[in-house]
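Letters A, B, ... mirror the listed sequences (proteins, then strands); counts begin at 1. Below, each value reflects all heavy atoms present in this structure, side chains not excepted, and no hydrogens, waters or symmetry copies.
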Amino acid sequence: MNTNFNEIVDATWLSRPSPTIALELLGCTVVRHLPNGEQIRGVIVETEAYTEGDPACHAYRKRTPRNTVMFGPAGMSYVYLIYGMYHCLNIVTDEDGIASAVLIRALELSSIPEFLQQDLNFPVKSDRHLKKPLKKDKFSRLAAGPGKLCRVLKIDRTLTDLPLHPDGPLWLEHRTPTFQQSVNSGKIQFVQTTRIGITQGTDLPWRWYIADCPAVSQC
DNA sequence: ATGAAGATCGCG
DNA sequence: GCGATCTTCATC
């Protein structure tokens with residue numbers, strides 16, 4: 001019996017250091033359950049880790065209203081607004097009291113969301129999640145970037161500080177056996193590099209992505 | 001109160 | 001390279 005398929009990622013599994021989780025989340029699936037019942041799924045292909053003692057971490061200085069969820073137990077969502085117009089999705093990691101999280105930087109969408117099938121241009125005024133219209137784009141690049149994936153999955157700050165569980169609007173599923181076999185055989189390879197888009201902590205090699213994946217940001 | 005900076009993105 | 005756009009946080 002295959003008990004590993006579609007296994008839910010739980011808080012215990014996430015209660016380890018963020019660099020470890022950032023690597024192991026590659027190949028896992030983000031599932032977004034919309035209020036209308038629609039489900040959007042995407043495989044994680046790029047991540048970054050942030051943690052204690054890391055000058056690029058939002059929790060580096062002190063605990064504030066925005067970053068407080070990072071100080072709590074693993075398995076929670078941390079969503080913030082960046083540059084006044086984009087949202088970023090993070091997964092809170094490590095033990096309670098250790099401020100850390102993994103930024104989800106890119107997804108390979110499993111299917112074209114219904115609202116994108118209608119028209120690859122978003123209905124700007126009717127969708128409050130979209131500050132700007134999404135231009136027509138190659139399907140594989142629709143969620144290639146932390147801001148872009150939140151647009152497609154309709155993730156905003158109302159989804160921060162939520163437990164990642166199938167009862168809610170957002171959760172994670174483990175790698176499929178097929179994916180893991182490809183990793184074991186070397187067919188799928190992971191690349192570790194320094195993080196991007198930051199001005200401090202640029203020397204820490206805490207960015208990971210799947211090699212030769214068109215959905216990874218910054219090709 | 002005030003202002004500067006920011007884990008982005010797409011255009012030119 | 002730059003502008004859009006606005007919250008957050010440090011400092012005044």
Side-chain angles (χ1 to χ4, degrees), chain A residues 14 17-23 25-26 30 42 44-71 74 76-94 98-109 116 119-122 124-125 127-161 170 191-209 214-219:
Chain A
L14 292 167
S18 61
T20 301
I21 303 300
L23 171 60
L25 275 180
L26 293 178
V30 174
I44 299 172
V45 298
E46 181 185 359
T47 57
E48 281 178 1
Y50 294 85
T51 191
E52 277 189 348
D54 166 15
C57 182
H58 283 176
Y60 182 60
R61 287 180 166 273
K62 55 178 250 192
R63 188 176 185 135
T64 68
R66 182 178 69 160
N67 67 28
T68 196
V69 64
M70 294 180 75
F71 287 81
M76 305 292 283
S77 61
Y78 169 46
V79 181
Y80 66 90
L81 179 69
I82 187 68
Y83 300 115
M85 59 180 82
Y86 297 104
H87 296 275
C88 290
L89 169 66
N90 297 258
I91 311 301
V92 175
T93 55
D94 219 316
I98 300 181
S100 67
V102 170
L103 171 68
I104 307 300
R105 288 196 55 91
L107 298 177
E108 186 173 271
L109 297 178
L116 285 178
D119 183 353
L120 277 179
N121 290 307
F122 284 92
V124 183
K125 292 182 180 174
D127 194 332
R128 68 185 175 82
H129 296 274
L130 302 171
K131 305 280 185 168
K132 297 185 80 169
L134 182 66
K135 288 295 179 66
K136 288 187 179 177
D137 207 346
K138 283 184 184 170
F139 173 62
S140 66
R141 305 283 307 159
L142 279 175
K148 295 174 75 176
L149 74 90
C150 283
R151 281 194 307 195
V152 172
L153 299 198
K154 303 191 180 192
I155 293 169
D156 63 20
R157 278 174 302 167
T158 64
L159 297 187
T160 199
D161 207 0
L170 201 59
V191 180
Q192 179 178 11
T193 65
T194 51
R195 298 171 296 181
I196 58 182
I198 53 174
T199 56
Q200 298 178 61
T202 52
D203 53 321
L204 295 169
W206 285 351
R207 174 174 176 244
W208 286 265
Y209 61 90
V216 168
S217 68
Q218 272 209 191
C219 281

Neighbour count above 12 (heavy atom, 6.0 Å) for A/R63 CZ: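 Yes, the 6.0 Å shell around CZ holds more than 12 heavy atoms from other groups.
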Using whole Å, what does the distance between atom [atom2] of nucleotide [N] and atom [atom1] of [X] come to?
| X | N | atom1 | atom2 | value |
| --- | --- | --- | --- | --- |
| A/M70 | C/dC9 | CE | P | 12 Å |
| A/L204 | B/dA7 | CG | P | 14 Å |
| A/R61 | B/dA5 | CZ | C1' | 11 Å |
| A/I155 | B/dT8 | CD1 | C1' | 15 Å |
| A/H87 | C/dT7 | NE2 | C1' | 11 Å |
| A/K148 | B/dA7 | NZ | C1' | 17 Å |
| A/M85 | B/dA7 | CE | P | 15 Å |
| A/I82 | B/dG6 | CD1 | C1' | 4 Å |

Under 4.0 Å, heavy atoms only, any strand: does A/L103 hit a base, just the sugar-phosphate, or nothing?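 Counting heavy atoms under 4.0 Å across all strands, the contact made by A/L103 includes a base.
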Assign A/R195 to base, sugar-phosphate, or nothing according to its heavy-atom contacts below 4.0 angstrom with the strands shown.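 If one applies the 4.0 Å heavy-atom cut-off, A/R195 turns out to touch nothing in the nucleic acid.
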Is there a side-chain contact between [X] and the phosphate of [N], meaning an N or O under 4.0 Å from OP1 or OP2?
| X | N | answer |
| --- | --- | --- |
| A/R157 | C/dT8 | yes |
| A/R105 | B/dT8 | yes |
| A/T64 | C/dT8 | no |
| A/K62 | C/dC9 | no |

To the side chain of A/T199, which of C/dA10, B/dG6, B/dT8 is closest? B/dG6
Pick the P atom in B/dT2 and in C/dT5, then give their distance to the nearest Å. 23 Å
When rounded to the nearest 0.5 angstrom, what distance separates CG in A/L149 from NE2 in A/H87? 12.0 Å
Any N or O donor-acceptor pair under 3.5 Å from the base of C/dA4 to the side chain of A/Y83?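 Result: no qualifying N/O pair found.
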Apply side chain to side chain contact (heavy atoms under 4.5 Å, CB included) to residues A/R207 and A/I198 and explain how you reach the verdict. CA-CA 12 Å; A/R207 174 174 176 244; A/I198 53 174; over 6 Å; no
With distance as the sole criterion, is a donor-acceptor pair present between the side chains of A/T51 and A/D54 under 3.5 Å? no
Check whether A/Y80 forms a cation-pi arrangement with A/R66 (NZ or CZ under 6.0 Å from the six-membered ring centre, at most 45° off the ring normal). yes
Using Watson-Crick or G-U wobble geometry with both distances under 3.5 Å, which nucleotide pairs with C/dT5?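 Check on C/dT5: unpaired, no WC or wobble geometry under 3.5 Å.
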Who pairs with B/dT2 - Watson-Crick or G-U, where each distance is under 3.5 Å: C/dA10
